[in-house]
Structures are given as structure tokens and as C-alpha cells.
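Written out below as C-alpha cells is the structure these notes cover.
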Amino acid sequence: MKLSICHLYPDLMDTYGDKGNILALKYRSEKRGVDVAITQLTIGQRLDEKIYDIFFFGGGQDRQQVIVSEDLKTKAGVLKSEIENGKVLLSVCGGYQLLLDYFKTIEGETLNGIGLFKGYTLGSSERMIGNILIELNADIFSAISVNSPTIQLSNYPTNYLVGFENHSGKTYTENPSLGSVVSGRGNNGEDKTEGTWYKNAFGCYLHGSLLPKNPHFADYLLSTALRNKYGDIKLKPLNDSFEWKAHEDAVKIARKNS
Ligand code: GLN
């Protein structure tokens with residue numbers, strides 16, 4: 001089996017080790033004998049259809065987002081139709097913001113998003129920074145429970161995601177949220193929501209990197225991408241004792257900070 005991952009704008013949008021998400025997907029695939037090809041796609045490069053199984057779009061500052069939002073228009077049609085067809089996407093922070101309808105910066109400049117997720121972001125003078133712990137949306141958690149073999153091996157509660165957030169944009173979305181904030185700020189620091197999802201596309205404020213210390217979510221993305229391509233496959237479990245330990249430590253730190 002093979003998976004093809006498209007890393008969007010890695011030269012402009014890769015904050016706090018977001019790239020580690022790609023490394024985790026690659027590592028966890030190769031341990032199962034699945035080959036991985038990674039393509040980096042940036043400004044001026046065409047996004048072709050039906051090539052990629054997983055898309056990743058990391059975070060960046062407002063300045064980079066101005067450049068990226070212009071170019072993203074040229075990729076929007078293909079990206080949205082791939083998501084309609086069930087392809088997997090993970091976006092973090094600045095990338096997430098550009099997949100919503102728009103982002104109005106604190107200076108009053110409006111950056112167009114591509115409206116994959118319904119909602120918008122407003123720049124604020126408040127910086128939402130620190131460790132964040134969320135309890136997963138019940139639908140997502142039950143899908144993860146069925147498709148992530150690592151969950152059976154965990155001695156820890158598996159209905160959480162942990163990450164590190166750093167943003168001043170406040171996001172308001174009509175899509176269901178990825179989870180509810182236990183500790184930290186999330187989408188906007190007001191309504192206890194964090195992230196969003198549509199079909200197999202996810203947006204969140206969870207840097208960290210996210211996937212190395214949330215192996216259940218990494219396996220969920222991988223198994224979804226593999227099932228899209230190869231039908232009803234089952235991932236074999238990995239020895240995730242270090243990954244779950246890292247997860248649990250991050251949970252403890254996030255709880256202490258709340
Ligand atoms: N510019 C955005 C904000 O501060 C995104 C930051 C990020 O991607 N870390 O809200």
C-alpha cells in the first residue's frame with residue numbers, strides 16, 4: 001500500500017514544528033509497511049487532482065498568510081473537490097484560518113479564505129498562548145475508537161487531544177467543533193469550542209506537533225486515508241508506550257495550567 005501526502009506551503013506555514021505531523025504520519029505508515037510519498041507544494045505550483053490522499057496545512061503569521069491567501073485561490077477548486085470526495089486534511093492555526101471564509105486582521109485587512117469550513121476569524125489584541133487540552137467531539141471520538149488500534153493499548157483516557165496554541169485570531173464557526181476546551185483557549189477563548197471539521201477535513205489550533213503525542217488521532221487520519229483507497233483495511237497496532245506517555249505528560253501540564 002502507498003499513501004501520498006501533500007504538504008501545503010511548508011516554506012511559509014510551519015510554526016512550532018508543525019512538520020512533525022508529517023513525520024508522524026510517515027513513521028506510523030512505514031511501521032505498517034505502507035510506503036509514503038511527500039510532496040511539498042508552495043506559491044505558484046499547481047495542485048493536481050486525484051494524486052494526494054492526505055493534505056497538511058500548518059500555521060504561520062499574518063504576514064505569511066497574506067501571501068498564501070492570494071495563492072490559495074488558485075488551489076481552492078481542486079482542494080475543495082478533493083475534500084468533497086472524502087480526502088483527508090489536517091490544518092493548524094494559520095492554515096485553519098485560511099480554510100474558513102475569511103480572516104480579518106487586527107489592522108482591518110480582510111484575507112479571503114476558501115470557505116471549506118463555514119466561519120471566520122477576527123484578529124484581536126489578546127494572545128492566546130499555552131498548552132491546550134480538549135475533549136473530543138463524541139462523533140469523532142466514536143469514529144476514532146473504531147479505527148485507531150492504539151486506543152486499545154492505552155492505559156490513559158483516549159477521548160482527549162493535547163497541543164500548544166499561540167494565536168490572536170479568534171475563530172467563530174458554524175461547523176461542529178473538533179472538541180470542547182478543558183484547559184486553554186481554543187477557537188476564540190469565549191465559547192469553549194476548539195477546531196472544526198467537515199467530512200474528513202480538520203482544522204484546529206493545536207500545534208505541538210499534534211500527531212506525535214496524539215497517536216489515536218494520527219491513526220484515525222491514516223486509516224481513513226487508507227480505507228478511501230484500499231477499502232476495509234485494519235491498521236495493526238504499534239507499541240505506543242512512549243507516545244501515550246508523552247500524551248499523558250502533556251495532559252498533566254495542560255491541566256496544571258488551567
Ligand atoms: N496569524 C494567526 C494568529 O495569530 C496564526 C498564528 C499561527 O498560525 N500560529 O491568529
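Atoms within each ligand, like the ligands themselves, are counted from 1 in listed order.
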Whether Glu165 and Arg185 form a salt bridge (side-chain N of Lys/Arg under 4.0 Å from carboxylate O of Asp/Glu) is what I want to check. no
Over 60° means perpendicular and under 30° means parallel, so tell me whether Tyr120 and Tyr102 are parallel, tilted or perpendicular. parallel
The remaining residues in the hydrophobic cluster of Met128, counting side-chain heavy-atom contacts under 4.5 Å among Ile, Leu, Val, Met, Phe, Trp and Tyr, are none
Could I get the full list of salt bridge (charged side-chain N to carboxylate O under 4.0 Å, His left out) partners for Asp35, not counting sequence neighbours? none
Would you call Arg46-Asp48 a salt bridge at under 4.0 Å N-O? yes
Could you note down all residue pairs passing salt bridge (Lys or Arg N to Asp or Glu O under 4.0 Å) where residues 85-101 supplies at least one of them, sequence neighbours left out? Glu82-Lys87, Asp101-Lys118
Between ligand 1 and the protein, tabulate every N or O atom pair separated by less than 3.5 Å, reporting distance only.
| from | atom 1 | to | atom 2 | distance (Å) |
| --- | --- | --- | --- | --- |
| ligand 1 | 1 (N) | Asp62 | OD1 | 2.4 |
| ligand 1 | 1 (N) | Gln65 | OE1 | 2.8 |
| ligand 1 | 4 (O) | Ser168 | N | 3.0 |
| ligand 1 | 4 (O) | Ser168 | OG | 3.4 |
| ligand 1 | 8 (O) | Gly60 | N | 3.0 |
| ligand 1 | 8 (O) | Gly60 | O | 3.1 |
| ligand 1 | 8 (O) | Gly94 | N | 2.9 |
| ligand 1 | 9 (N) | Asn166 | O | 3.1 |
| ligand 1 | 9 (N) | His207 | NE2 | 3.2 |
| ligand 1 | 10 (O) | Gln97 | NE2 | 3.0 |
| ligand 1 | 10 (O) | Ser168 | N | 3.2 |
| ligand 1 | 10 (O) | Gly169 | N | 2.7 |

